[in-house]
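Step one of this worksheet: look at the structure below.
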Amino acid sequence: MAAADRQPSTPAGEQGRTALVGVLALQGDFEAHARVLGRLGARVVAVRVPADLDGVQALVLPGGESTTMTLGVEREGLAEPLRALARDGVPLLGSCAGLIMLDSEHLGLMDMRADRNAFGRQIRSFEADIEMDELPGGPIRGIFIRAPQIAEHGPEVRILATVEGHAVAARQGDMLVVSFHSELTGDDRLHVWLLQRAAERRARR
Amino acid sequence: MRDEATFSVKAGLAEMLKGGVIMDVVTPDQAMVAEAAGAAAVMALERVPADIRRDGGVARMSDPEIIAAITEAVTIPVMAKARIGHFMEARVLEALEVDYIDESEVLTPADEANHIDKWAFKVPFVCGATNLGEAVRRIGEGAAMIRSKGEAGTGDIVEAVRHMREITGAIRRLAGLSSDELPTAAKELQAPLELVRSIARDGRLPVVLFCAGGIATPADAALMMALGAEGVFVGSGIFKSEDPPARARAIVEATTHWQDAERVAQASRALGGAMASLESSKLEHEQLLAQRGW
């Protein structure tokens with residue numbers, strides 16, 4: 001199944017140079033992330049079982065329902081393999097539910113606690129241009145769908161953006177999380193960041 | 001600059017539901033069972049379609065008390081149904097802050113000529129369709145998500161298969177047309193030309209496409225995913241079965257792993273009996289819910 005899901009977007013000879021990026025595909029908008037990564041020349045593997053993580057050099061935790069994803073991670077025995085990947089220094093990008101998955105009450109990979117639906121129900125969902133520290137190229141358009149916020153965080157976590165007093169973007173080492181969806185707006189800068197971190201990590205090894 | 005209720009925001013929630021199962025529930029307890037089984041959202045109802053079919057009479061929007069209690073009980077999104085054309089039921093549901101409104105043929109239509117003007121609402125709408133023209137007309141009216149109609153409350157998948165194949169087959173045919181053939185195609189589909197052009201160009205609907213109507217087993221859910229559904233609604237199929245929590249978990253698992261028949265097989269074991277079913281082709285014309293709406 002892992003092999004069938006691998007869809008190289010570059011010729012086989014180039015595989016040594018392009019990153020293999022896993023996108024957690026238990027539920028949610030994993031295809032939108034895969035499309036952005038594919039446009040950037042990455043090879044993408046949909047991750048549904050632990051074996052799908054073999055050789056993954058970067059990982060995206062997409063948007064979706066965090067409850068559904070949490071149950072899926074339990075059912076598939078994915079929690080430990082995901083933690084091992086992060087311990088190994090594989091860069092991670094989490095958006096919306098992906099942010100929640102990385103917090104102290106879920107996978108426990110980032111020193112922060114997320115609050116779900118911090119802006120309210122769907123009727124209060126919105127889109128906005130977000131000024132985000134460490135992101136070159138000006139504000140990023142984010143779509144906030146029943147979005148979470150980072151309610152508490154430790155010293156290792158750097159808050160990169162806030163909206164109406166809610167922390168909506170943060171980084172801890174090579175783990176970047178945002179409350180919003182830029183994968184639906186055509187802005188690929190967060191994915192470029194992920195691929196750059198993966199390339200730097202490979203260069204170090 | 002903060003923009004609420006844009007089409008991206010409305011269609012965005014459906015993007016987040018993809019690969020998931022949306023389950024009909026009639027009590028807060030059922031909603032909690034659905035959430036614990038991995039449902040991506042619940043549809044809050046007074047009666048599931050199988051009971052609406054059995055009881056007869058006019059089927060209306062659910063009691064706001066039930067919807068509010070279900071909304072309190074879970075943290076996943078809550079949807080609710082309004083009658084076709086009944087924009088005031090939709091206003092009530094919007095005031096209750098449900099996350100999605102289903103303008104549904106399962107309820108008795110309130111207007112035989114007009115669907116709800118869904119652009120006028122902040123809350124997004126999902127609508128049923130039996131073919132591409134119907135789907136595109138609903139999107140033209142502002143629907144931010146489409147589902148097949150299927151034949152709700154029967155446990156018979158045949159109509160959902162027909163509708164999904166109608167929609168995806170027609171999209172493939174559109175994609176093969178030249179630009180000077182699209183106006184005629186739009187006329188035949190009775191659908192707005194600009195939307196038809198965008199569908200022909202992208203090879204897909206501009207909104208998420210789910211399947212609904214007749215899913216009773218994990219294999220039914222996997223079949224619909226294989227036919228191009230991006231997620232599934234299960235109405236009577238879960239809480240009218242013998243072991244709802246087990247069946248709910250199994251349908252969630254099969255929807256995620258639809259490409260892996262061994263996983264679908266494993267998920268399908270020891271679930272107890274499926275819902276009592278009706279064969280769609282044996283129903284009288286006036287008993288067919290899918291022919292409501294146009």
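Just so it is clear: chains get the letters A, B, ... in the order the sequence lines come, proteins before strands, and each one is counted from 1.
Note that the CD1 atom of B:I76 and the OG atom of A:S66 stand 10.0 Å from one another [nearest 0.5 Å]. Taken from OG1 in A:T67 to CD in B:E35, the straight-line distance is 5.0 Å, to the nearest 0.5 Å. Between atom CD1 of residue A:I123 and atom NZ of residue B:K10 there is a gap of 10.0 Å, rounded to the nearest 0.5 Å. A:I143 contributes atom CD1, which lies 7.5 Å from atom CE of B:M16 (distance to the nearest 0.5 angstrom). The CD atom of B:E15 sits 8.5 Å away from atom CD of A:E183, with the distance rounded to the nearest 0.5 Å.
Ranked by heavy-atom pairs under 4.5 Å with chain A, the first of B:R2, B:K122, B:E262 is B:R2. Note on A:P139, A:A32, A:S125, A:P62: by heavy-atom pairs under 4.5 Å with chain B, the leading option is A:S125. Heavy-atom pairs under 4.5 Å with chain B peak, among A:R124, A:E31, A:M69, at A:R124.
Residues from residues 126-136 of chain A that place a non-hydrogen atom less than 4.5 Å from a non-hydrogen atom of chain B comprise A:F126, A:E127, A:A128, A:D129, given in numerical order. Within residues 71-103 of chain A, the residues having any heavy atom closer than 4.5 Å to a heavy atom of chain B are A:L71, A:R75, A:E76, listed by residue number.
In this structure, A:F119 places its CZ atom where more than 12 heavy-atom neighbours from other residues, nucleotides or ligands lie under 6.0 Å away.
Side-chain contact check for B:R263 versus A:R48: every heavy-atom pair is 4.5 Å or farther apart. Contact annotation: the side chain of A:H181 never approaches that of B:S8 to less than 4.5 Å [non-hydrogen atoms, C-beta and beyond].
Residue contact with chain A, scored on non-hydrogen atoms closer than 4.5 Å, involves the backbone of B:A39 exclusively. Looking at B:A11, there are no atoms closer than 4.5 Å to chain A (heavy atoms on both sides), in backbone or side chain. Heavy-atom distances place no part of B:T255 under 4.5 Å from chain A, backbone and side chain included. For B:E94, the parts lying near chain A are the backbone and the side chain together; criterion is any non-hydrogen pair under 4.5 Å. For B:A36, the part sitting under 4.5 Å from any heavy atom of chain A is the backbone (N, CA, C, O) and nothing else.
With A:Q122 as the partner, the side chain to side chain contact (heavy atoms under 4.5 Å, CB included) test is satisfied by one option alone out of B:V123, B:V78, B:V9, B:V98: B:V9. With B:T256 as the partner, the side chain to side chain contact (heavy atoms under 4.5 Å, CB included) test is satisfied by one option alone out of A:L26, A:T68, A:V49: A:L26.
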(request) Apply side chain to side chain contact (heavy atoms under 4.5 Å, CB included) to B:T75 and A:R146, showing your working. (result) CA-CA 10 Å; B:T75 60; A:R146 292 166 41 97; 5.6 Å; no
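In this structure, A:D29 does not pair ionically with B:K18, as no charged nitrogen and carboxylate oxygen lie closer than 4.0 Å.
Smallest separation of non-hydrogen atoms from A:Q27 and B:A40: NE2-CB, 3.9 Å.
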